[in-house]
Structures are given as structure tokens and as C-alpha cells.
Protein chains: 2
Amino acid sequence: MMVPIVGSSEAEGSQDDAGEAGVRLRWRRGQSLLLRDIDDDTVFLVEGGCLTCDAPVAAGRRHVLLVLFPGDVLCRRFVPPLPDLQMTSAASSVVLRVRRRESGGGKSGVQSHVLDVAAGAAQLLTRSCFYATARGRLSAEECLATLLADMALRLGRTTPGGYAFDVPLSRRDMADYLALNPDSLSRMMSRFKQSHLIVMPTRTRAIARDIDALIAATPFGETLRDLAAARGQVAQA
Amino acid sequence: MMVPIVGSSEAEGSQDDAGEAGVRLRWRRGQSLLLRDIDDDTVFLVEGGCLTCDAPVAAGRRHVLLVLFPGDVLCRRFVPPLPDLQMTSAASSVVLRVRRRESGGGKSGVQSHVLDVAAGAAQLLTRSCFYATARGRLSAEECLATLLADMALRLGRTTPGGYAFDVPLSRRDMADYLALNPDSLSRMMSRFKQSHLIVMPTRTRAIARDIDALIAATPFGETLRDLAAARGQVAQA
DNA sequence: CGGTCCATTGACATCTTTCAAGGCTTGTGG
DNA sequence: CCACAAGCCTTGAAAGATGTCAATGGACCG
């Protein structure tokens, strides 16, 4: 499904006033917003779904700088001034747009938002460094295992059939995030499926019969567990 | 020169009390500090030199997650909990160690430090994303040109012979940062020297006869200029 | 002045990308 | 409800880029 993009490809999803807190935006997959003209004081808080922060690089190539999950915060200042940098909805998403200076109004309101933004930047920085290390020093297959294990720990839960989780990113999104090309990534996914590491009943749904095996498929499995624990999540096999 | 590492390879450079502001550490090239046991409230402010935040990955491999320049700020929370993650002095460096809660004491002191740390995180995040994009979607040669142009804009100045700048990172540091291997990187450096893009009178010193040509060697040249301008630096050819 | 790192270079192996074709999903309209 | 169209995904073979291994040379410190 291709969402028609109007004008400067600005996202035009439905929105409603969330009162003092800002404006709540509802985007469908594929809708995007150019960050070029976003104010430095505008803060986006992801409430649901999954988004990417991405930019076109050279001819026909794209790079996903960040993948945003619920709870993540994004400001214009967090990302480099690359041309045509945008925020794109990878799946149906809900985003709260807040203006930093306006938020709260009272003293405690401002203070808490300053802290939120700082913590959000630290969290994204941690993740950015983590994936940079994975991309740089792991094989493509280990790299993909890292991403799958990360999504499993974030979005999954135990079911009778195994540890089930959504895969909100398309093959192309994953490839652009891991700096691979979609063809290579597809081959690796096939290999994982052949080795029964994961099963994919649909294109956006995955089941790991043995979550520990999936986590063990990446050299950074323990680090992923630590990060999940820091978020207050625990993976029980 | 190999610096003797004691105990848990903790850096033991000279230090002096910088009063209320914290402790000033002076490190020589190669000295390092394990981040594992660093308190979450400890903040490092780089005053001079150049450091890396790096971690060993698998057998004999290392990755440089961040390169820190004067003005940069680092907290434990900024980086993922990889085993044996450390801060290493790439050149002689001066680092101010501050405890966040202690600093200032007065209300304004705390507030200003909160803001510093937030801005520092945003700045490092910007750089991390930028280099992730470069590594992912640029050729190895463009990637190296990006790093050299970045260092030139940060550390260089116009001289009679051209635009001269220090290269505080060793070949291996650069390779580990760009996710290349030192051999490949060395070959590319040789190619740059052959094409007269840069001249290196010593191992740690470079001169670009034409800084614009160096900046034009990377597709992200304009973005580097924008970032330099945001730091208040201007490159005059 | 010798030991240690660090840097350079060549030949070869390997992994990933590229290009192209075909099948599968999903949404749309008759 | 079915047929169609547009993306998205999958797969193969060949090409290209970077990595690996090994040997040599050079710089710096004690």
C-alpha cells in the first residue's frame, strides 16, 4: 500500500489536540515528515508503533539512522543536518508532538521535560553506538540476529508456540538500518528460517521457538539482555 | 610507547583537584579507563586532546564507538553495556571528571550541568548517527575522506603551506572507528597522498593543500560544513 | 642502539553487492 | 467473490570490494 504523499512529502495523518501536552499524530505505514524545517524546540514522543529516522544517500540509496519505538524521544538536534532527513512511519504509529518551551507551563513541567529529553538522547545514543558496533564488527548474519533478538526482547512475549514478536520493519527498512542490501538480508532471513531459528507465519510476525537460541545467535546477546533489563523488561523462555 | 597498565587497566595519569568543578585528569596516549564500574552520576568533560570510547569485540577486534574532542561530554549512560568498554586516550588529553549531583551545589549549578549533559548527549548522538550513515552508505574511501575532512574542520587552520591539522588518531584507531581494517585504511591513505589530496609531514600531522578539495572528496562535505558552522567554526580556504 | 609498536604493501580468499527474473501478498475495483 | 495491479520478497550467478595473512620498513623510547 502506497500512501499518497502531498507537497513536500509531509505526513498528513490524522491528529488531535492532546491538550497542554501537545498534538497527537496518527500515521500509517509509509507516511513521512521532513525534519529540515522542524523547530529545535519541537519534541516528538513515540507513543505507539514504530518509526525510522532516515535519509537518502546518493543514488537510490537510503540509510536508517535510528529506529524509534514507543517511549523514544526525537528532536531535530539529535540527528545530523543531512539533506532530506525525515521521520517515517514503519508501521502504524502514534506520535505526540510537543513544543519544549510551551510544555507544562509551570516550573515542574519544564524541568521534567528537560530531563526526559536528556534521558531520551542518552538512550538513543546508547542504541546508536550499539548498532554501530554491531554493523562494524559483526558479520551480516550476526548483525541481523542482533536486530531480531532486540525486537524480540522489546516487542515479544511467550506464547504456546514459542516467543512471538512483531517485526514492524520491512525487509528494506531492516536492510537500510543494518547497512546491508535487501537481497542479502532476504537470503539471511531464509537461512534463519531454514535452520528453524525463527518461523514467520506472516511477513510482519515472527516466532522464535527458542528465544535463548535466538539471543545466543548474536555475540551481543548478553548486552541485549542487559539493555532489556534496564528498560524493565525480562525475557522468560 | 606502551603505557604500563596496572590492575584492571585503569588509567593512572596525573590528576589535580580542580576545586568544586571536579578532578582534572591528564592522560598520555594509550592510557585507558574501564567504564564498567563508573558511577552513573560521573561525567567526563574533555578539555584537551582526543579520546576514544572503545570496546573489544570477538577475537582481536576492537570497535571505536565514539571519538571525543575538546568540549565533549561523556557519561556511562551514553554507551551500551558492552563488556570491557573503556575510554582511551588517543593523544595526550586533559579530562575533567565531575560528579553530577555534587557539581555546583547551588541551584543554578545543577541546572547548568543538567543542560550541559543533555546538549552533550545530543551532540554525540548527532555525530554517532552521522558516522553510522557514512560507514553504512559510503565507500570506504569516501568514509575516510569524511573523517579527514571532519578532523580538518575541527582541528585545522590555514597556514602558508595549506590547511594544516593534527591527526590525533592512529591508523588503527581510525580503522576501528570507520569499521575498516588497518591494512585497507593504510592503502587508502596512500592513495590520498599519491593524488596530493593531503600531505603528511609526520604521522600525526596532515596538510591539505586545498581544503575545499578534501571536503569535496566526501558526499557529506556540506553536512560537515554545517556541523562546523554550528560549532562556531568556519573553514577559510 | 636495540626492542616494540606502528605503518605499508602484495597476493589471495571471502563476503557482500549487483543485476535480473519470477513468485507471493495485499489492496482495489468490477 | 474474483481478477488485476503494484509492491514486496525471494533466489541465482557473476562481479567487485574489502578482509586476511605475511613480510618488510620505519619511528620512537628506553
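Given the structure is predicted, the values throughout are model-derived calculations rather than measurements. Naming convention: chains lettered A, B, ... in sequence-line order (proteins, then strands); numbering from 1 in each chain.
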Open item on the list: Rounding to an integer number of Å, can you tell me how far A/Leu138 CG sits from C/dT16 P?
Closed with: 11 Å
Task: Closest to side chain of A/Arg203, choosing from C/dT17, D/dG7, D/dA27 - done: D/dG7
Open item on the list: Counting the atoms with a prime plus P, OP1 and OP2 as sugar-phosphate, which does B/Ala175 contact under 4.0 Å by heavy atoms, base, sugar-phosphate, or nothing?
Closed with: nothing
- [ ] Rounded to the nearest angstrom, tell me the gap between atom CZ in A/Arg135 and atom C1' in C/dT16.
- [x] 16 Å
Task: Sugar-phosphate only, base, or nothing, as touched by A/Thr202 at under 4.0 Å among non-hydrogen atoms - done: nothing
Open item on the list: Is B/Arg29 close enough to C/dC6 that one of its side-chain N or O atoms is under 4.0 Å from OP1 or OP2 there?
Closed with: yes
Task: Nearest-angstrom distance from the residue atom CG of B/Leu144 to P of C/dA7 - done: 13 Å
- [ ] Would you mind telling me which of C/dT18, C/dT17, D/dA27 lies closest to the side-chain atoms of A/Leu180?
- [x] C/dT17
Task: N or O in side chain of A/Ser186 less than 4.0 angstrom from D/dC9 OP1/OP2 - done: no
TODO: Report yes if a side-chain nitrogen or oxygen of B/Asn181 is closer than 4.0 Å to either non-bridging phosphate oxygen (OP1 or OP2) of D/dT18; otherwise report no.
DONE: no
Open item on the list: So, OP1 or OP2 of C/dT9: does either fall under 4.0 Å of a side-chain N or O from B/Ser190?
Closed with: yes
Task: Under 4.0 angstrom between A/Ser184 side-chain N/O and C/dT17 OP1 or OP2 - done: yes
Open item on the list: Taking the basic N atoms (NZ, or NE/NH1/NH2) and the acidic carboxylate oxygens, is any pair closer than 4.0 Å for A/Arg154 and A/Asp166?
Closed with: no
- [ ] With DNA chain C as reference, determine whether A/Arg191 or B/Met189 sits nearer its 5' end, using the nearest nucleotide of each.
- [x] B/Met189
- [ ] Output yes when A/Arg137 and B/Asp176 qualify as a salt bridge under the 4.0 Å nitrogen-oxygen rule, no when they do not.
- [x] yes
TODO: Measure the distance from CE on A/Met188 to P on C/dC15 and round it to the nearest whole Å.
DONE: 10 Å
Open item on the list: If I take atom CG in residue A/Leu185 and atom P in nucleotide D/dT10, what distance separates them, rounded to the nearest angstrom?
Closed with: 9 Å
Open item on the list: Could you check whether A/Arg62 pairs with A/Asp173 (Lys NZ or Arg NE/NH1/NH2 to Asp/Glu carboxylate O, under 4.0 Å)?
Closed with: yes
Open item on the list: Among C/dT16, C/dC24, C/dG10, which nucleotide has an atom closest to any side-chain atom of B/Arg187?
Closed with: C/dG10
TODO: Can you tell me the distance, in whole Å, between the CE atom of B/Met200 and the P atom of C/dT8?
DONE: 8 Å
- [ ] Rounded to the nearest angstrom, tell me the gap between atom CG in A/Asp183 and atom C1' in C/dC19.
- [x] 9 Å
- [ ] Record whether the side chain of A/Arg171 comes under 3.5 Å of the base of D/dG7 through a donor-acceptor pair of N or O atoms.
- [x] no
Task: Side chain proximity check, A/Leu153 to A/Ile215, heavy atoms < 4.5 angstrom - done: yes
Task: Euclidean distance, atom CZ of residue A/Arg205 to atom P of C/dT26 [Å, nearest integer] - done: 14 Å
Open item on the list: I'd like to know if B/Arg127 pairs up with B/Asp150 as an ion pair, taking the criterion as any Lys NZ or Arg NE/NH1/NH2 lying under 4.0 Å from an Asp or Glu carboxylate oxygen.
Closed with: no
